[in-house]
Structure formats: C-alpha cells, structure tokens
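Every heavy atom of this structure was used, including side-chain atoms; hydrogens, water molecules and symmetry mates were not. A, B, ... follow the sequence lines: proteins, then strands. Residue 1 opens every chain.
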Protein chains: 2
Amino acid sequence: MNRCEQCIVRQFTALNALTKDELMRMAVCRTSENIKKGQILFEEGEHPKGVYCIKSGICKLTKLSANGREQIVKLVTRGDLLGQRSILSGEKVNLTAIAVSDMEICLLPKEDILRSLANNREFSSEVMKEVCHDLKNANNSTVNMAQKTVKQRLADTLLYLYKTFGTDKHGFLSAQLTREELAGMVGTATESLIRMLSGLMKEGYLKTGGKKILLINIPGLEKISDGQENVSS
Amino acid sequence: MNRCEQCIVRQFTALNALTKDELMRMAVCRTSENIKKGQILFEEGEHPKGVYCIKSGICKLTKLSANGREQIVKLVTRGDLLGQRSILSGEKVNLTAIAVSDMEICLLPKEDILRSLANNREFSSEVMKEVCHDLKNANNSTVNMAQKTVKQRLADTLLYLYKTFGTDKHGFLSAQLTREELAGMVGTATESLIRMLSGLMKEGYLKTGGKKILLINIPGLEKISDGQENVSS
DNA sequence: GAAATGACATGACATTTATCAGTTGATATT
DNA sequence: AATATCAACTGATAAATGTCATGTCATTTC
C-alpha cells in the first residue's frame with residue numbers, strides 16, 4: 001500500500017530520479033518504519049544498512065565531543081535523505097542519528113542504492129548535488145562556529161528553525177527542541193544558551209512559553225546574525 | 001611536454017580514473033600554470049573555469065567573516081583537486097582560493113570534466129568519494145570549532161600541518177604560514193594565536209624561530225588536542 | 001497525592017578569549 | 001643610511017563564555 005512510486009516525499013529528494021523499475025526492486029521500502037522520539041537510527045562507527053528517506057519527524061545528526069557535550073551537526077526532516085555520505089564513500093558513518101520527534105522513515109537498502117548509483121546517471125548526479133550542497137553548508141557552519149559569537153549563532157539557529165520547520169498556528173516554532181538540544185546546535189553550554197535566549201526575550205526579539213518559542217522580530221534577528229546589532233546609521 | 005598522461009600528481013587524484021582519450025582532450029591541461037604567492041585563483045561568488053589540479057605549492061580556501069577576519073576552511077596542496085564542488089553542483093564557489101606559496105597548477109576545463117563525469121563511471125565515483133571525504137572533514141571541523149578551546153584547535157592545526165606537509169631537514173614544519181594565517185586556521189584572533197603559540201613553547205611542546213616552527217612533543221600535542229592535558233592518572 | 005525526575009532558570013564566579021595600544025625586529029624602499 | 005612597512009610580539013583590560021551551585025516548575029511514576 002505504501003509504495004514508493006506514490007510517495008509524495010520522494011519528489012523532494014534525489015530519489016525522484018529513480019525509474020519505476022528501480023523503485024519496484026526496493027522491496028524493503030514498501031512499508032515505512034515508525035521511529036520513536038529518542039530512538040537511535042545509527043551510531044558513529046557503524047556501517048549503515050542503507051539510505052533512509054524521511055517521511056515525517058525530525059532527526060538530529062550529532063557528534064559527541066571530548067568534553068562530553070553533544071554537538072548537533074545537522075537536522076534532517078521530511079524530504080531529506082540520511083546516510084548517503086557513508087553509502088557513497090563506503091566508510092563508516094561519522095555521526096550519530098537520533099530521532100528528535102517521532103518519525104516515519106523508509107529504508108532503501110544499500111545494494112539497491114549502489115546499483116542505482118552505478119546505472120542511473122541522473123540519480124547519481126542528483127545525489128552528488130545533494131552531497132555538494134551539504135559540503136557547502138558544512139563549510140559555512142565551520143566558519144560561523146569559528147567566527148561568530150554565541151548570540152549570533154543563536155540568532156542563526158532560530159532563523160534556521162523558523163525557515164526550515166515553520167511555525168504552528170499560534171506562530172510558535174514547529175520544531176520542538178530542548179534547551180540542551182538548542183545549545184548543541186549553537187555550540188555552547190546549556191546555561192549560556194538559556195541566558196542568551198532570555199536575553200533576546202528581554203530585548204523583544206522573541207517570546208518563550210515553556211518549551212515553545214515565538215519569534216517576534218525576524219529582521220532584528222537577521223541583523224544580529226550579521227553582527228549589525230546596535231549599529232546606528 | 002607537460003602531458004597529463006605522464007603527470008605523477010594525477011595518480012593521487014580522481015583524475016587517475018580518466019582514460020587516455022579523455023586526458024588527450026583536455027588541451028588546456030598540457031601546460032601547467034605558475035601562480036605567485038598571494039595570487040587569487042578564484043573568489044567567492046564566481047563561477048570557476050574548471051577544476052584545478054595542484055602540482056606543487058599550497059593554496060588556502062578562505063571565507064571572510066562579518067567581523068573582517070579571514071577563516072581558512074581548508075588547505076590544498078600537491079595531489080589535490082580544487083573547485084570540484086562548484087563544478088559538480090553547478091553553483092558559484094563559496095570559498096576564495098589564494099596561493100599561500102608559489103604554485104604550479106593545471107586547469108582542467110569545466111566542459112571536459114563534466115563530460116567525463118557523465119561518461120566515465122569510475123571517475124565520477126572517485127570524485128564523489130573525494131567530496132564525501134571533504135564533507136566528513138568539514139563536519140569534524142565544525143564540531144571542533146564549536147567544542148574545542150583555542151589551545152586544542154592550535155594543537156590540531158600544528159599536528160595537521162606536520163602530518164600533511166611534513167618537515168624540512170632540520171625538523172621545522174614545511175608549511176610556512178604567517179601567524180595571521182595560522183590564526184585563520186585555528187579560528188581566533190592573531191594576538192591570541194601568538195600568545196598560545198609562545199605558551200606552548202614555554203611548556204616545551206615546540207620551538208619557534210621566526211616564522212619557522214619545530215614540533216618537539218608530538219604525543220603531548222595529541223593529548224592537548226584530545227583535552228587530556230594535565231590529567232594525572 | 002507524594003515522591004522522584006528532568007527540564008528550565010538564575011546567581012556567583014572563574015576562565016577563556018578578544019580588543020586596544022603599543023614595542024620590537026626584520027625587510028623592503030627611497 | 002634613513003624611512004616606511006609589515007609581521008611578530010607584549011601588556012593591560014574588557015568582554016564573552018563556561019562552570020558550579022542551587023532553586024523552581026512541570027511531568028512522570030509509584
């Protein structure tokens with residue numbers, strides 16, 4: 001019933017370049033898998049079973065640093081693929097994937113993916129483009145971590161969550177992350193993150209109600225991100 | 001005279017997967033180009049003319065941050081390719097490439113690369129692996145920037161320079177970077193970098209003679225990098 | 001409903017890092 | 001040789017961020 005051919009999510013990914021034939025072969029893909037919040041999809045050092053296609057929910061790709069903090073390298077969500085890098089290069093995964101919310105995913109077996117990569121030029125080209133895009137983002141991320149302040153990076157993160165996951169009907173960010181997870185994205189201590197967040201609240205950029213966050217002044221946050229805060233003409 | 005087929009450097013790169021025929025076509029490649037220290041190969045926002053193959057010298061890939069500091073994202077050297085990401089994805093380059101030393105490079109025209117990517121499965125697979133490798137490194141780099149101290153990152157950088165470029169006959173690091181460039185790699189202010197460096201010198205990890213750096217205690221630097229400094233059993 | 005738990009929050013303080021203002025030394029320029 | 005220039009370096013200080021201790025609140029568990 002849950003056939004790949006009919007899956008809307010596929011349209012957003014490189015999988016759209018697969019032929020009907022190829023899709024038929026991906027037998028495992030016919031049913032999607034339900035993942036509970038907190039569940040681990042794969043861990044650093046493993047060889048993944050294949051590429052995951054995300055139908056719903058949010059997953060964090062993390063890396064544990066020597067000081068014990070969990071750095072979130074990327075969030076993946078509806079319409080994203082997961083695990084391509086490792087399948088493409090044949091290496092172990094270098095990041096751990098953990099569900100941030102309940103998820104619905106499909107596993108596309110490694111062998112099928114590799115066969116399609118070898119035989120379907122358009123597919124491999126699309127996958128390559130996605131990896132290149134990831135690389136660009138990763139480089140930007142490195143520069144931001146190295147050069148921006150925590151406040152700037154928090155503004156970035158909030159804007160990213162806003163643009164990527166949108167808001168609920170009341171305007172609150174749809175992505176529900178704990179403060180600890182936010183700190184993991186920003187790359188700072190949880191206490192520092194909380195302080196910055198309430199700082200931004202006091203300055204009127206946002207409101208927080210428990211775990212929910214409402215962005216009020218988007219252009220202002222963009223200025224903070226660019227380091228143009230408090231710059232009068 | 002300087003034909004690709006005979007080029008030793010090619011062996012180290014994905015270009016090794018190109019056929020004799022393909023190499024013959026890359027007319028521009030027949031002669032290598034000499035680049036002077038400080039010269040710009042391409043700048044952020046441009047569309048590159050092709051992929052560069054580096055025969056000798058060192059080039060920095062940098063990004064200017066809002067606060068005016070130049071962050072070095074990657075160094076490329078003999079046997080590396082330059083500009084693949086942009087050619088593969090068809091996007092503008094997102095980094096600026098500047099020669100750190102005099103260089104010898106070959107330009108492989110965009111059209112030829114794209115043709116080979118489409119027609120030569122092994123070549124495209126090799127290129128893909130290199131991009132995947134870059135992505136892995138970039139992710140690690142992001143985590144390091146976010147979670148490690150300046151001292152740890154400096155240790156990382158020194159070890160990287162040691163392992164990648166080696167030393168001259170006297171044991172000094174072969175890669176000659178200015179303090180400002182080192183700071184750009186570590187992601188800190190030049191003054192901070194200088195202080196850290198002389199700190200490491202006082203602690204006996206290294207010696208500096210002007211621009212030259214001699215690493216004395218490699219295992220010690222590795223401990224610093226892992227954050228195990230001053231941890232007595 | 002009481003107890004336990006975990007996320008959120010804040011204060012006090014320590015540490016790290018950046019910034020600003022210079023000095024020195026080497027190298028290039030006239 | 002005098003001058004300009006730039007990289008390397010240092011000191012004083014400010015600002016940013018981390019750490020530790022503690023408290024509150026909401027939620028889960030029994």
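Separating the CG atom in A/Leu182 from the OG1 atom in A/Thr157 is a distance of 7.0 Å, to the nearest 0.5 Å. Atom OG in A/Ser141 sits 7.5 Å away from atom CD in A/Gln71 (nearest 0.5 Å).
Across all non-hydrogen atoms, the minimal contact from A/Leu158 to A/Leu215 is O-CD1, 3.8 Å.
Note: CG (A/Leu154) to P (D/dT17) measures 11 Å, nearest angstrom. Nucleotide C/dG11 holds its P atom 14 Å from the CD atom of A/Glu191, rounded to whole Å. The CD atom of B/Gln147 sits 14 Å away from the P atom of D/dT17 (whole-angstrom rounding). Atom pair B/Asn67:CG and C/dT17:P shows a separation of 16 Å (rounding to whole Å applied). In this structure, A/Arg179 atom CZ and D/dG18 atom P are separated by 17 Å, rounded to whole Å. Here C/dG25 presents its P atom at 15 Å from CD1 of B/Ile194, a figure rounded to the nearest Å. A/Met145 has its CE atom 15 Å from the C1' atom of D/dT17, to the nearest Å.
Phosphate proximity of C/dT19 to B/Arg69: present, with a side-chain N or O under 4.0 Å from OP1 or OP2. Residue B/Thr188 has a polar side-chain atom (N or O) positioned under 4.0 Å from OP1 or OP2 of C/dA18. The shortest distance between the side-chain N/O atoms of B/Ser198 and the OP1/OP2 oxygens of D/dT10 is below 4.0 Å. Contact annotation: A/Ser192 reaches the phosphate of D/dG18 (side-chain N/O to OP1 or OP2, under 4.0 Å).
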* To do: Start with the C-alpha distance between B/Leu135 and B/Asn139, add both sets of side-chain angles, then the distance that settles side-chain contact (heavy atoms from CB on, under 4.5 Å), and finish with yes or no.
  => CA-CA 6 Å; B/Leu135 177 57; B/Asn139 284 334; 4.0 Å; yes
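Contact annotation for B/Met196: backbone-only contact, meaning every heavy-atom pair under 4.0 Å involves sugar-phosphate atoms and none involves a base. Nucleic acid contact class of B/Thr149 (heavy atoms, under 4.0 Å, all strands): sugar-phosphate only.
Checked against C/dT19, C/dA9, D/dC20, the side chain of A/Thr208 finds its nearest nucleotide in C/dA9.
Checked by distance alone, A/Arg195 brings a side-chain donor or acceptor within 3.5 Å of a matching partner on the base of D/dT19.
At a threshold of 4.5 Å between non-hydrogen side-chain atoms, the residues B/Leu75 and B/Leu161 count as touching.
Summary of the strand contacts: A/Lys211 and A/Ala146 both lie near DNA chain C, and taking for each the nucleotide with the nearest heavy atom, the more 5' one is attributed to A/Lys211.
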